[in-house]
Amino acid sequence: MSDVYLQALLSGLMIGGVYALVAVGLTLIFGVMDIINFAHGEFLMFGMYAAFFASVLFGIDPYVTAVLALPAFFAVGWAIQGTLIKPVVGKSHAIQILLTLGLSLLLQALAQYLFSADFQSLKLDYADATLQIAGARIGWTRVAAFAISMGLCLALWLFLQRTDTGKALRACAEEHEGSLAVGIDLGRMYKIAFGLGIACVAIAGIAMTPFFYVAPVVGPKFTLVAFVIVVLGGLGNIPGAVAGALIVGVVESVGALVMPSPSLKDLAVYVLFILVLLFRPQGLFGGKGA
Amino acid sequence: MSMLAIRDLHSGYGDVPILHGFDLDIEERMIGAVVGANGAGKTTTMRAVAGILPTWRGEISLAGERIDGLTPRQRVEAGVVLVPEGRKLFPSMTVRENLELGSLHPRAKAARAQTLEQVFDIFPRLLEREGQKAGTLSGGEQQMCAIGRGLMSLPRLLMLDEPSLGLAPIIVQTIFDIVRRIREEGVTVLMVEQNVRHALALSDRAWVLEQGRVEFEGAGQEMLNDDRVRKAYLGM
Ligand SMILES: Nc1ncnc2c1ncn2[C@@H]1O[C@H](COP(=O)(O)OP(=O)(O)OP(=O)(O)O)[C@@H](O)[C@H]1O
Ligand SMILES: [Mg+2]
(Lines give C-alpha, C1' and ligand atoms only; values in the text may rest on other atoms or scores of the structure.)
(Ligands and ions follow the chains in the order given, each with its own letter.)
Protein backbone atom coordinates (compact mmCIF):
# COMPACT_ATOMS: atom_id res chain seq x y z
CA MET A 1 0.00 0.00 0.00
CA SER A 2 1.40 3.36 -0.92
CA ASP A 3 1.84 5.95 1.77
CA VAL A 4 -0.98 8.24 0.67
CA TYR A 5 -3.47 5.43 0.90
CA LEU A 6 -2.18 4.31 4.30
CA GLN A 7 -2.41 7.92 5.39
CA ALA A 8 -6.01 8.17 4.14
CA LEU A 9 -6.95 4.86 5.70
CA LEU A 10 -5.60 5.84 9.12
CA SER A 11 -7.11 9.35 9.05
CA GLY A 12 -10.40 7.80 7.99
CA LEU A 13 -10.32 5.34 10.87
CA MET A 14 -9.53 8.09 13.36
CA ILE A 15 -12.40 10.35 12.30
CA GLY A 16 -14.62 7.27 11.89
CA GLY A 17 -14.11 6.59 15.58
CA VAL A 18 -15.50 10.02 16.42
CA TYR A 19 -18.40 9.49 14.01
CA ALA A 20 -19.10 6.27 15.91
CA LEU A 21 -19.68 8.14 19.15
CA VAL A 22 -21.95 10.63 17.38
CA ALA A 23 -23.90 7.83 15.68
CA VAL A 24 -24.17 5.66 18.77
CA GLY A 25 -25.95 8.49 20.58
CA LEU A 26 -28.33 8.95 17.65
CA THR A 27 -29.07 5.25 17.34
CA LEU A 28 -29.64 4.84 21.08
CA ILE A 29 -32.20 7.65 21.09
CA PHE A 30 -33.84 6.23 17.99
CA GLY A 31 -33.86 2.68 19.34
CA VAL A 32 -35.43 3.54 22.67
CA MET A 33 -38.01 6.15 21.69
CA ASP A 34 -38.28 5.88 17.92
CA ILE A 35 -37.31 9.50 17.34
CA ILE A 36 -34.62 10.73 14.98
CA ASN A 37 -32.93 13.63 16.67
CA PHE A 38 -32.18 16.09 13.87
CA ALA A 39 -30.73 18.48 16.45
CA HIS A 40 -28.04 15.92 17.28
CA GLY A 41 -25.18 17.81 15.63
CA GLU A 42 -26.06 20.98 17.52
CA PHE A 43 -25.13 19.29 20.77
CA LEU A 44 -21.80 18.40 19.21
CA MET A 45 -21.45 22.10 18.40
CA PHE A 46 -22.28 23.11 21.98
CA GLY A 47 -19.77 20.55 23.24
CA MET A 48 -17.15 22.19 21.01
CA TYR A 49 -17.99 25.67 22.30
CA ALA A 50 -17.84 24.38 25.88
CA ALA A 51 -14.34 23.07 25.25
CA PHE A 52 -13.33 26.19 23.32
CA PHE A 53 -14.43 28.70 25.94
CA ALA A 54 -13.27 26.58 28.87
CA SER A 55 -9.82 26.63 27.27
CA VAL A 56 -9.76 30.28 26.10
CA LEU A 57 -11.38 31.84 29.15
CA PHE A 58 -10.28 29.59 31.99
CA GLY A 59 -7.32 27.69 30.60
CA ILE A 60 -9.07 24.36 31.14
CA ASP A 61 -7.70 21.63 28.90
CA PRO A 62 -10.33 20.15 26.50
CA TYR A 63 -9.66 16.67 27.86
CA VAL A 64 -10.60 17.88 31.33
CA THR A 65 -13.69 19.54 29.90
CA ALA A 66 -14.64 16.20 28.35
CA VAL A 67 -14.79 14.61 31.80
CA LEU A 68 -16.83 17.46 33.27
CA ALA A 69 -19.13 17.49 30.27
CA LEU A 70 -20.35 13.93 30.74
CA PRO A 71 -22.65 14.65 33.70
CA ALA A 72 -23.41 18.19 32.48
CA PHE A 73 -24.62 17.18 29.01
CA PHE A 74 -26.38 14.13 30.43
CA ALA A 75 -28.39 16.54 32.58
CA VAL A 76 -29.07 18.78 29.58
CA GLY A 77 -30.35 15.81 27.57
CA TRP A 78 -32.44 14.60 30.51
CA ALA A 79 -34.05 18.03 30.86
CA ILE A 80 -34.70 18.48 27.13
CA GLN A 81 -36.33 15.06 26.93
CA GLY A 82 -38.48 15.84 29.97
CA THR A 83 -39.73 19.12 28.50
CA LEU A 84 -39.48 19.40 24.70
CA ILE A 85 -39.28 15.84 23.41
CA LYS A 86 -41.65 14.09 25.82
CA PRO A 87 -44.84 15.48 24.24
CA VAL A 88 -43.97 14.03 20.80
CA VAL A 89 -42.89 10.51 21.85
CA GLY A 90 -45.19 8.06 20.09
CA LYS A 91 -46.65 10.82 17.87
CA SER A 92 -46.34 10.95 14.09
CA HIS A 93 -42.87 11.11 12.56
CA ALA A 94 -43.76 14.36 10.81
CA ILE A 95 -44.33 16.13 14.14
CA GLN A 96 -41.16 14.67 15.60
CA ILE A 97 -39.09 15.75 12.61
CA LEU A 98 -40.53 19.28 12.74
CA LEU A 99 -39.73 19.51 16.42
CA THR A 100 -36.13 18.29 16.26
CA LEU A 101 -35.40 20.24 13.04
CA GLY A 102 -36.86 23.33 14.70
CA LEU A 103 -34.70 22.71 17.73
CA SER A 104 -31.67 22.38 15.45
CA LEU A 105 -32.35 25.79 13.83
CA LEU A 106 -33.07 27.37 17.19
CA LEU A 107 -29.83 26.11 18.69
CA GLN A 108 -27.82 27.32 15.68
CA ALA A 109 -29.39 30.77 15.96
CA LEU A 110 -28.73 30.79 19.69
CA ALA A 111 -25.09 29.88 19.10
CA GLN A 112 -24.71 32.67 16.52
CA TYR A 113 -26.19 35.14 18.94
CA LEU A 114 -24.03 34.01 21.84
CA PHE A 115 -20.75 33.21 20.10
CA SER A 116 -20.95 35.05 16.71
CA ALA A 117 -20.97 33.32 13.34
CA ASP A 118 -17.16 33.29 13.11
CA PHE A 119 -15.17 30.13 12.58
CA GLN A 120 -12.78 29.77 15.47
CA SER A 121 -10.20 27.24 16.51
CA LEU A 122 -8.21 26.42 19.56
CA LYS A 123 -4.44 26.78 19.57
CA LEU A 124 -2.99 24.19 21.88
CA ASP A 125 0.75 23.69 22.29
CA TYR A 126 0.44 19.93 21.85
CA ALA A 127 -1.80 20.19 18.77
CA ASP A 128 1.01 19.53 16.27
CA ALA A 129 2.48 16.42 17.85
CA THR A 130 2.23 13.48 15.46
CA LEU A 131 2.53 9.74 15.53
CA GLN A 132 4.49 8.06 12.75
CA ILE A 133 3.09 4.76 11.47
CA ALA A 134 5.10 3.33 8.57
CA GLY A 135 4.87 6.05 5.93
CA ALA A 136 1.92 7.80 7.50
CA ARG A 137 1.63 10.54 10.10
CA ILE A 138 -1.34 10.96 12.41
CA GLY A 139 -1.84 13.85 14.82
CA TRP A 140 -1.89 12.71 18.43
CA THR A 141 -5.02 14.76 19.06
CA ARG A 142 -6.78 12.65 16.42
CA VAL A 143 -5.53 9.47 18.01
CA ALA A 144 -6.84 10.76 21.35
CA ALA A 145 -10.24 11.60 19.87
CA PHE A 146 -10.42 8.10 18.42
CA ALA A 147 -9.42 6.48 21.72
CA ILE A 148 -11.87 8.54 23.79
CA SER A 149 -14.71 7.81 21.38
CA MET A 150 -14.06 4.10 21.14
CA GLY A 151 -13.66 3.90 24.91
CA LEU A 152 -17.02 5.57 25.46
CA CYS A 153 -18.74 3.40 22.86
CA LEU A 154 -17.41 0.33 24.64
CA ALA A 155 -18.47 1.68 28.04
CA LEU A 156 -21.96 2.38 26.72
CA TRP A 157 -22.21 -1.08 25.22
CA LEU A 158 -21.13 -2.71 28.49
CA PHE A 159 -23.65 -0.56 30.36
CA LEU A 160 -26.41 -1.76 28.03
CA GLN A 161 -25.36 -5.41 28.28
CA ARG A 162 -24.49 -5.72 31.95
CA THR A 163 -26.61 -3.41 34.12
CA ASP A 164 -30.30 -3.61 34.96
CA THR A 165 -30.87 -0.08 33.70
CA GLY A 166 -29.07 -0.91 30.47
CA LYS A 167 -31.14 -4.05 29.98
CA ALA A 168 -34.30 -2.08 30.72
CA LEU A 169 -33.30 0.41 28.00
CA ARG A 170 -32.89 -2.43 25.51
CA ALA A 171 -36.18 -3.92 26.68
CA CYS A 172 -38.17 -0.77 26.02
CA ALA A 173 -36.50 -0.46 22.62
CA GLU A 174 -37.97 -3.89 21.80
CA GLU A 175 -41.31 -4.32 23.47
CA HIS A 176 -43.46 -1.55 24.83
CA GLU A 177 -46.23 -3.48 26.56
CA GLY A 178 -43.78 -6.09 27.87
CA SER A 179 -41.77 -3.27 29.45
CA LEU A 180 -44.82 -1.80 31.13
CA ALA A 181 -45.84 -5.28 32.31
CA VAL A 182 -42.55 -5.80 34.15
CA GLY A 183 -42.75 -2.32 35.65
CA ILE A 184 -40.17 -0.42 33.64
CA ASP A 185 -40.70 3.33 33.97
CA LEU A 186 -40.71 4.31 30.29
CA GLY A 187 -40.55 8.05 30.97
CA ARG A 188 -37.39 7.58 32.98
CA MET A 189 -35.84 5.34 30.31
CA TYR A 190 -36.50 8.02 27.66
CA LYS A 191 -34.74 10.61 29.79
CA ILE A 192 -31.76 8.33 30.38
CA ALA A 193 -31.52 7.48 26.68
CA PHE A 194 -31.68 11.12 25.61
CA GLY A 195 -29.24 12.13 28.34
CA LEU A 196 -26.74 9.46 27.27
CA GLY A 197 -27.19 10.23 23.57
CA ILE A 198 -26.54 13.94 24.13
CA ALA A 199 -23.57 13.27 26.42
CA CYS A 200 -22.02 11.02 23.74
CA VAL A 201 -22.36 13.53 20.91
CA ALA A 202 -21.18 16.44 23.06
CA ILE A 203 -18.06 14.56 24.10
CA ALA A 204 -17.40 13.66 20.46
CA GLY A 205 -17.43 17.41 19.78
CA ILE A 206 -15.10 18.15 22.67
CA ALA A 207 -12.68 15.43 21.59
CA MET A 208 -12.49 17.07 18.13
CA THR A 209 -11.97 20.63 19.36
CA PRO A 210 -8.13 20.36 19.50
CA PHE A 211 -8.00 19.82 15.71
CA PHE A 212 -11.34 20.98 14.29
CA TYR A 213 -12.83 24.44 13.77
CA VAL A 214 -15.75 25.61 15.89
CA ALA A 215 -18.75 27.41 14.36
CA PRO A 216 -22.52 27.56 14.86
CA VAL A 217 -23.04 25.74 11.54
CA VAL A 218 -20.79 22.77 12.28
CA GLY A 219 -23.63 20.49 13.42
CA PRO A 220 -25.80 19.50 10.44
CA LYS A 221 -22.96 17.79 8.58
CA PHE A 222 -22.44 15.51 11.56
CA THR A 223 -26.15 14.81 11.96
CA LEU A 224 -26.28 13.79 8.33
CA VAL A 225 -23.20 11.57 8.52
CA ALA A 226 -24.51 9.98 11.73
CA PHE A 227 -27.84 9.36 10.07
CA VAL A 228 -26.11 7.61 7.15
CA ILE A 229 -24.11 5.53 9.62
CA VAL A 230 -27.16 4.59 11.66
CA VAL A 231 -28.92 3.37 8.53
CA LEU A 232 -25.80 1.48 7.44
CA GLY A 233 -25.40 -0.16 10.82
CA GLY A 234 -29.08 -1.02 11.20
CA LEU A 235 -31.45 1.31 13.06
CA GLY A 236 -31.00 0.96 16.81
CA ASN A 237 -28.00 -1.38 16.48
CA ILE A 238 -25.03 -0.10 18.50
CA PRO A 239 -22.19 -2.39 17.37
CA GLY A 240 -23.56 -1.90 13.84
CA ALA A 241 -23.25 1.87 14.25
CA VAL A 242 -19.61 1.57 15.34
CA ALA A 243 -18.74 -0.65 12.38
CA GLY A 244 -20.74 1.61 10.04
CA ALA A 245 -18.92 4.67 11.37
CA LEU A 246 -15.47 3.23 10.75
CA ILE A 247 -16.53 2.23 7.23
CA VAL A 248 -17.91 5.72 6.54
CA GLY A 249 -14.76 7.39 7.93
CA VAL A 250 -12.55 5.31 5.65
CA VAL A 251 -14.80 5.61 2.59
CA GLU A 252 -14.88 9.37 3.05
CA SER A 253 -11.15 9.81 3.37
CA VAL A 254 -10.09 7.28 0.74
CA GLY A 255 -12.95 8.55 -1.43
CA ALA A 256 -11.42 12.03 -1.32
CA LEU A 257 -8.26 10.57 -2.87
CA VAL A 258 -9.89 8.71 -5.71
CA MET A 259 -12.59 11.26 -6.56
CA PRO A 260 -11.63 13.53 -9.46
CA SER A 261 -12.20 16.63 -7.35
CA PRO A 262 -11.87 17.12 -3.57
CA SER A 263 -15.24 18.88 -3.55
CA LEU A 264 -16.76 15.49 -4.37
CA LYS A 265 -15.30 14.11 -1.15
CA ASP A 266 -18.65 13.32 0.45
CA LEU A 267 -20.04 11.74 -2.69
CA ALA A 268 -18.53 8.33 -2.00
CA VAL A 269 -20.37 8.17 1.34
CA TYR A 270 -23.73 8.98 -0.21
CA VAL A 271 -23.20 6.51 -3.03
CA LEU A 272 -22.56 3.86 -0.38
CA PHE A 273 -25.66 5.02 1.50
CA ILE A 274 -27.89 4.69 -1.55
CA LEU A 275 -26.46 1.29 -2.43
CA VAL A 276 -27.21 0.04 1.05
CA LEU A 277 -30.76 1.42 0.96
CA LEU A 278 -31.31 -0.30 -2.37
CA PHE A 279 -29.79 -3.67 -1.60
CA ARG A 280 -29.82 -4.02 2.19
CA PRO A 281 -32.43 -1.64 3.64
CA GLN A 282 -32.22 -3.34 7.04
CA GLY A 283 -28.62 -2.11 7.23
CA LEU A 284 -25.37 -4.01 6.87
CA PHE A 285 -25.74 -5.63 10.27
CA GLY A 286 -29.50 -5.91 10.85
CA GLY A 287 -31.87 -3.64 12.76
CA LYS A 288 -32.99 -2.95 16.28
CA GLY A 289 -31.93 -5.31 18.98
CA ALA A 290 -29.33 -7.09 16.87
CA MET B 1 -60.12 -9.87 52.63
CA SER B 2 -60.03 -9.96 48.87
CA MET B 3 -56.67 -10.10 47.17
CA LEU B 4 -58.11 -8.08 44.31
CA ALA B 5 -61.21 -5.93 44.61
CA ILE B 6 -62.51 -4.07 41.57
CA ARG B 7 -65.35 -1.59 42.11
CA ASP B 8 -67.29 0.09 39.30
CA LEU B 9 -64.31 -0.01 36.94
CA HIS B 10 -64.45 2.30 33.92
CA SER B 11 -61.60 2.43 31.43
CA GLY B 12 -60.85 2.47 27.72
CA TYR B 13 -58.51 3.64 24.97
CA GLY B 14 -58.12 7.34 24.20
CA ASP B 15 -61.63 8.60 24.74
CA VAL B 16 -63.33 5.34 23.69
CA PRO B 17 -64.91 3.69 26.71
CA ILE B 18 -64.57 -0.11 26.82
CA LEU B 19 -65.24 -1.03 30.46
CA HIS B 20 -68.57 0.28 31.69
CA GLY B 21 -68.39 -0.27 35.42
CA PHE B 22 -68.36 -3.67 37.10
CA ASP B 23 -67.21 -5.30 40.32
CA LEU B 24 -64.90 -8.26 40.70
CA ASP B 25 -63.53 -9.81 43.89
CA ILE B 26 -60.99 -12.57 44.14
CA GLU B 27 -59.97 -14.09 47.46
CA GLU B 28 -56.40 -14.80 48.43
CA ARG B 29 -54.88 -18.05 47.08
CA MET B 30 -57.69 -18.63 44.65
CA ILE B 31 -57.73 -19.16 40.94
CA GLY B 32 -60.15 -16.91 39.10
CA ALA B 33 -61.11 -17.04 35.44
CA VAL B 34 -62.54 -14.31 33.29
CA VAL B 35 -64.25 -15.61 30.17
CA GLY B 36 -66.21 -13.92 27.44
CA ALA B 37 -66.43 -13.36 23.71
CA ASN B 38 -63.70 -11.71 21.65
CA GLY B 39 -63.70 -7.99 22.27
CA ALA B 40 -65.60 -8.26 25.57
CA GLY B 41 -62.93 -6.29 27.39
CA LYS B 42 -60.97 -9.04 29.14
CA THR B 43 -57.55 -7.79 28.09
CA THR B 44 -58.64 -4.23 28.76
CA THR B 45 -59.55 -5.20 32.33
CA MET B 46 -56.15 -6.75 32.93
CA ARG B 47 -54.38 -3.74 31.46
CA ALA B 48 -56.37 -1.44 33.71
CA VAL B 49 -55.45 -3.49 36.79
CA ALA B 50 -51.78 -3.49 35.73
CA GLY B 51 -51.88 0.29 35.25
CA ILE B 52 -51.11 0.15 31.53
CA LEU B 53 -54.52 1.79 31.02
CA PRO B 54 -55.86 4.48 33.34
CA THR B 55 -58.79 3.92 35.67
CA TRP B 56 -61.35 6.51 34.57
CA ARG B 57 -63.77 5.85 37.37
CA GLY B 58 -64.06 3.31 40.17
CA GLU B 59 -61.53 1.67 42.42
CA ILE B 60 -58.97 -1.12 42.26
CA SER B 61 -57.54 -2.49 45.51
CA LEU B 62 -54.87 -5.08 46.13
CA ALA B 63 -55.13 -6.77 49.54
CA GLY B 64 -57.10 -3.79 50.81
CA GLU B 65 -54.78 -1.08 49.48
CA ARG B 66 -55.91 1.20 46.64
CA ILE B 67 -53.66 0.79 43.60
CA ASP B 68 -55.64 2.60 40.90
CA GLY B 69 -53.57 5.75 41.33
CA LEU B 70 -50.22 3.97 41.11
CA THR B 71 -47.88 3.76 38.09
CA PRO B 72 -47.35 0.34 36.45
CA ARG B 73 -43.98 0.16 38.18
CA GLN B 74 -45.48 0.83 41.61
CA ARG B 75 -48.17 -1.78 41.02
CA VAL B 76 -45.59 -4.43 40.20
CA GLU B 77 -43.82 -3.50 43.40
CA ALA B 78 -47.12 -3.67 45.30
CA GLY B 79 -47.48 -7.27 44.10
CA VAL B 80 -49.62 -7.47 40.99
CA VAL B 81 -48.05 -8.53 37.72
CA LEU B 82 -49.46 -9.10 34.23
CA VAL B 83 -48.36 -11.84 31.85
CA PRO B 84 -49.73 -10.17 28.73
CA GLU B 85 -51.71 -11.67 25.90
CA GLY B 86 -49.20 -12.70 23.23
CA ARG B 87 -46.40 -13.00 25.84
CA LYS B 88 -44.68 -9.71 24.93
CA LEU B 89 -41.23 -11.07 25.69
CA PHE B 90 -38.08 -9.18 24.71
CA PRO B 91 -37.29 -11.27 21.63
CA SER B 92 -33.63 -10.49 21.02
CA MET B 93 -32.73 -10.87 24.69
CA THR B 94 -31.89 -14.19 26.27
CA VAL B 95 -34.26 -16.20 28.45
CA ARG B 96 -32.16 -15.29 31.45
CA GLU B 97 -32.25 -11.57 30.63
CA ASN B 98 -36.02 -11.73 30.18
CA LEU B 99 -36.34 -13.33 33.61
CA GLU B 100 -33.98 -10.80 35.19
CA LEU B 101 -36.07 -7.99 33.77
CA GLY B 102 -39.00 -9.41 35.72
CA SER B 103 -37.22 -8.58 38.96
CA LEU B 104 -36.31 -4.90 38.73
CA HIS B 105 -37.78 -3.49 41.92
CA PRO B 106 -35.53 -3.62 45.01
CA ARG B 107 -37.32 -6.41 46.90
CA ALA B 108 -37.39 -8.67 43.83
CA LYS B 109 -33.84 -7.79 42.89
CA ALA B 110 -32.56 -8.72 46.34
CA ALA B 111 -34.16 -12.16 45.99
CA ARG B 112 -33.27 -12.57 42.30
CA ALA B 113 -30.93 -15.55 42.63
CA GLN B 114 -33.37 -17.61 44.75
CA THR B 115 -36.41 -16.70 42.67
CA LEU B 116 -34.53 -17.63 39.52
CA GLU B 117 -33.81 -21.03 41.03
CA GLN B 118 -37.48 -21.50 41.87
CA VAL B 119 -38.53 -20.51 38.38
CA PHE B 120 -36.06 -22.96 36.87
CA ASP B 121 -37.42 -25.58 39.24
CA ILE B 122 -40.95 -24.99 37.93
CA PHE B 123 -39.77 -24.72 34.31
CA PRO B 124 -36.71 -26.94 33.79
CA ARG B 125 -37.00 -26.20 30.07
CA LEU B 126 -36.10 -22.58 30.72
CA LEU B 127 -32.89 -23.63 32.45
CA GLU B 128 -31.91 -25.64 29.36
CA ARG B 129 -32.67 -22.62 27.18
CA GLU B 130 -31.22 -20.01 29.52
CA GLY B 131 -28.87 -18.48 26.96
CA GLN B 132 -31.20 -18.70 23.98
CA LYS B 133 -32.90 -15.62 22.56
CA ALA B 134 -36.52 -15.50 23.68
CA GLY B 135 -37.70 -14.82 20.12
CA THR B 136 -36.40 -18.22 19.01
CA LEU B 137 -38.28 -20.24 21.67
CA SER B 138 -41.24 -22.43 20.77
CA GLY B 139 -44.69 -21.10 21.65
CA GLY B 140 -44.93 -23.21 24.79
CA GLU B 141 -41.46 -22.22 25.93
CA GLN B 142 -42.30 -18.57 25.31
CA GLN B 143 -45.36 -18.86 27.51
CA MET B 144 -43.25 -20.49 30.22
CA CYS B 145 -40.73 -17.68 29.93
CA ALA B 146 -43.49 -15.08 30.18
CA ILE B 147 -44.98 -16.72 33.28
CA GLY B 148 -41.49 -17.10 34.75
CA ARG B 149 -40.80 -13.42 34.09
CA GLY B 150 -44.00 -12.56 35.94
CA LEU B 151 -43.07 -14.76 38.90
CA MET B 152 -39.67 -13.08 39.16
CA SER B 153 -41.38 -9.97 40.57
CA LEU B 154 -42.58 -11.99 43.59
CA PRO B 155 -46.25 -11.26 42.91
CA ARG B 156 -49.16 -11.78 45.27
CA LEU B 157 -51.52 -11.66 42.31
CA LEU B 158 -50.47 -13.12 38.96
CA MET B 159 -52.64 -12.15 35.98
CA LEU B 160 -52.43 -14.45 32.96
CA ASP B 161 -53.99 -13.20 29.74
CA GLU B 162 -54.73 -16.21 27.52
CA PRO B 163 -51.84 -18.41 28.66
CA SER B 164 -52.92 -21.30 26.43
CA LEU B 165 -53.31 -19.26 23.25
CA GLY B 166 -51.91 -21.12 20.26
CA LEU B 167 -50.48 -24.02 22.25
CA ALA B 168 -50.81 -27.75 21.56
CA PRO B 169 -53.21 -29.59 23.95
CA ILE B 170 -50.39 -31.34 25.78
CA ILE B 171 -48.62 -28.05 26.49
CA VAL B 172 -51.92 -26.49 27.54
CA GLN B 173 -52.20 -29.24 30.14
CA THR B 174 -48.68 -28.46 31.38
CA ILE B 175 -49.48 -24.77 31.67
CA PHE B 176 -52.67 -25.46 33.65
CA ASP B 177 -50.78 -27.83 35.96
CA ILE B 178 -48.30 -25.06 36.57
CA VAL B 179 -51.07 -22.58 37.34
CA ARG B 180 -52.26 -24.99 40.04
CA ARG B 181 -48.76 -25.31 41.41
CA ILE B 182 -48.26 -21.54 41.48
CA ARG B 183 -51.44 -21.21 43.53
CA GLU B 184 -50.14 -23.87 45.94
CA GLU B 185 -47.07 -21.71 46.47
CA GLY B 186 -49.38 -19.00 47.77
CA VAL B 187 -49.91 -16.81 44.72
CA THR B 188 -53.42 -15.75 43.72
CA VAL B 189 -54.07 -16.26 40.01
CA LEU B 190 -56.50 -14.38 37.79
CA MET B 191 -56.62 -15.63 34.24
CA VAL B 192 -58.39 -14.89 31.00
CA GLU B 193 -59.02 -17.98 28.92
CA GLN B 194 -60.60 -18.98 25.62
CA ASN B 195 -60.21 -22.53 26.74
CA VAL B 196 -63.39 -22.14 28.79
CA ARG B 197 -64.04 -25.72 29.82
CA HIS B 198 -60.52 -26.20 31.09
CA ALA B 199 -60.40 -22.84 32.81
CA LEU B 200 -63.73 -23.26 34.60
CA ALA B 201 -62.77 -26.74 35.81
CA LEU B 202 -59.63 -25.29 37.34
CA SER B 203 -61.12 -22.12 38.82
CA ASP B 204 -62.57 -21.39 42.22
CA ARG B 205 -64.48 -18.47 40.79
CA ALA B 206 -65.32 -17.23 37.33
CA TRP B 207 -66.79 -14.16 35.67
CA VAL B 208 -68.44 -13.85 32.29
CA LEU B 209 -67.63 -10.51 30.72
CA GLU B 210 -69.84 -9.06 27.99
CA GLN B 211 -69.31 -5.67 26.41
CA GLY B 212 -67.37 -4.23 29.29
CA ARG B 213 -69.64 -5.54 32.08
CA VAL B 214 -69.76 -8.68 34.21
CA GLU B 215 -72.86 -10.53 32.97
CA PHE B 216 -72.76 -13.16 35.68
CA GLU B 217 -70.34 -14.86 38.01
CA GLY B 218 -70.13 -17.95 40.13
CA ALA B 219 -67.98 -20.83 41.33
CA GLY B 220 -66.07 -22.42 38.45
CA GLN B 221 -67.79 -25.80 38.72
CA GLU B 222 -71.24 -24.20 38.97
CA MET B 223 -70.56 -22.25 35.83
CA LEU B 224 -69.59 -25.41 33.99
CA ASN B 225 -73.11 -26.64 34.64
CA ASP B 226 -74.84 -23.34 33.97
CA ASP B 227 -77.03 -23.49 30.86
CA ARG B 228 -76.21 -19.97 29.72
CA VAL B 229 -72.48 -20.67 29.88
CA ARG B 230 -72.85 -24.08 28.28
CA LYS B 231 -74.80 -22.61 25.39
CA ALA B 232 -72.67 -19.58 24.78
CA TYR B 233 -69.17 -20.88 25.45
CA LEU B 234 -69.15 -24.63 25.49
CA GLY B 235 -71.36 -25.20 22.46
CA MET B 236 -73.76 -27.56 24.20
N1 LIG C 1 -55.23 -0.38 21.59
C2 LIG C 1 -56.56 -0.24 21.39
N3 LIG C 1 -57.07 0.92 20.95
C4 LIG C 1 -58.41 1.05 20.76
N5 LIG C 1 -59.31 0.09 21.00
C6 LIG C 1 -58.85 -1.08 21.45
C7 LIG C 1 -57.45 -1.31 21.68
N8 LIG C 1 -57.30 -2.57 22.12
C9 LIG C 1 -58.54 -3.10 22.17
N10 LIG C 1 -59.46 -2.21 21.78
C11 LIG C 1 -60.93 -2.45 21.71
O12 LIG C 1 -61.40 -2.70 23.01
C13 LIG C 1 -62.39 -3.71 22.98
C14 LIG C 1 -62.07 -4.78 24.00
O15 LIG C 1 -60.84 -5.38 23.63
P16 LIG C 1 -60.09 -6.42 24.53
O17 LIG C 1 -58.74 -6.61 23.94
O18 LIG C 1 -60.16 -6.02 25.95
O19 LIG C 1 -60.97 -7.71 24.28
P20 LIG C 1 -60.77 -9.18 24.81
O21 LIG C 1 -61.96 -9.49 25.63
O22 LIG C 1 -59.45 -9.34 25.44
O23 LIG C 1 -60.84 -9.99 23.45
P24 LIG C 1 -59.99 -11.25 22.91
O25 LIG C 1 -60.70 -12.46 23.40
O26 LIG C 1 -60.11 -11.13 21.42
O27 LIG C 1 -58.60 -11.12 23.40
C28 LIG C 1 -62.46 -4.21 21.55
O29 LIG C 1 -63.59 -3.65 20.96
C30 LIG C 1 -61.21 -3.69 20.92
O31 LIG C 1 -61.45 -3.37 19.56
MG1 LIG D 1 -57.75 -10.33 24.95
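No hydrogens, no waters, no symmetry mates; every other heavy atom, side chains included, goes into these values. A quick note: this is a predicted structure, and the numbers were derived from the prediction, not measured. Naming convention: chains lettered A, B, ... in sequence-line order (proteins, then strands); numbering from 1 in each chain.
Comparing B/Glu100, B/Met159, B/Arg47 by heavy-atom pairs within less than 4.5 Å of chain A, the highest count is held by B/Arg47. Comparing B/Thr71, B/Val83, B/Val76 by heavy-atom pairs within less than 4.5 Å of chain A, the highest count is held by B/Val76. Most heavy-atom pairs under 4.5 Å with chain A: of the set B/Gly150, B/Ala146, B/Pro91, B/Ser103, this distinction falls to B/Pro91.
When all heavy atoms are compared, the tightest approach of A/Val182 to B/Gly102 is CG1-CA, 4.2 Å. Considering all non-hydrogen atoms of both residues, A/Ala171 and B/Leu101 come closest at CB-CD1, 3.7 Å.
Annotation for B/Gln211: atom CD does not count as buried by contact number, only 12 or fewer foreign heavy atoms lying within 6.0 Å. Open room surrounds CZ on A/Phe279; 12 or fewer heavy atoms of other groups in view lie less than 6.0 Å from it. Atom CD of B/Glu185 sits in a crowded spot, with more than 12 heavy atoms from other residues, nucleotides or ligands closer than 6.0 Å. Other residues, nucleotides and ligands contribute only 12 or fewer heavy atoms inside 6.0 Å of the CH2 atom of A/Trp157.
Side-chain contact between B/Asn98 and A/Glu175: absent, with no pair of heavy atoms (C-beta onward) separated by less than 4.5 Å.
Neither the backbone nor the side chain of B/Arg75 comes within less than 4.5 Å of any heavy atom of chain A. For chain B, the nearby parts of A/Ser179 are the backbone and the side chain; heavy atoms of each come within less than 4.5 Å.
In this structure, CZ in A/Arg188 is found 6.5 Å from CZ in B/Arg73, a value given to the nearest 0.5 Å. Atom CD of residue A/Glu177 and atom CG of residue B/Leu82 lie 6.5 Å apart, to the nearest 0.5 angstrom. Rounded to the nearest 0.5 Å, atoms CD1 (A/Ile184) and NE2 (B/His105) are 12.5 Å apart.
Between the side chain of A/Glu174 and the backbone N or O of B/Ser92, at least one donor-acceptor pair lies under 3.5 Å.
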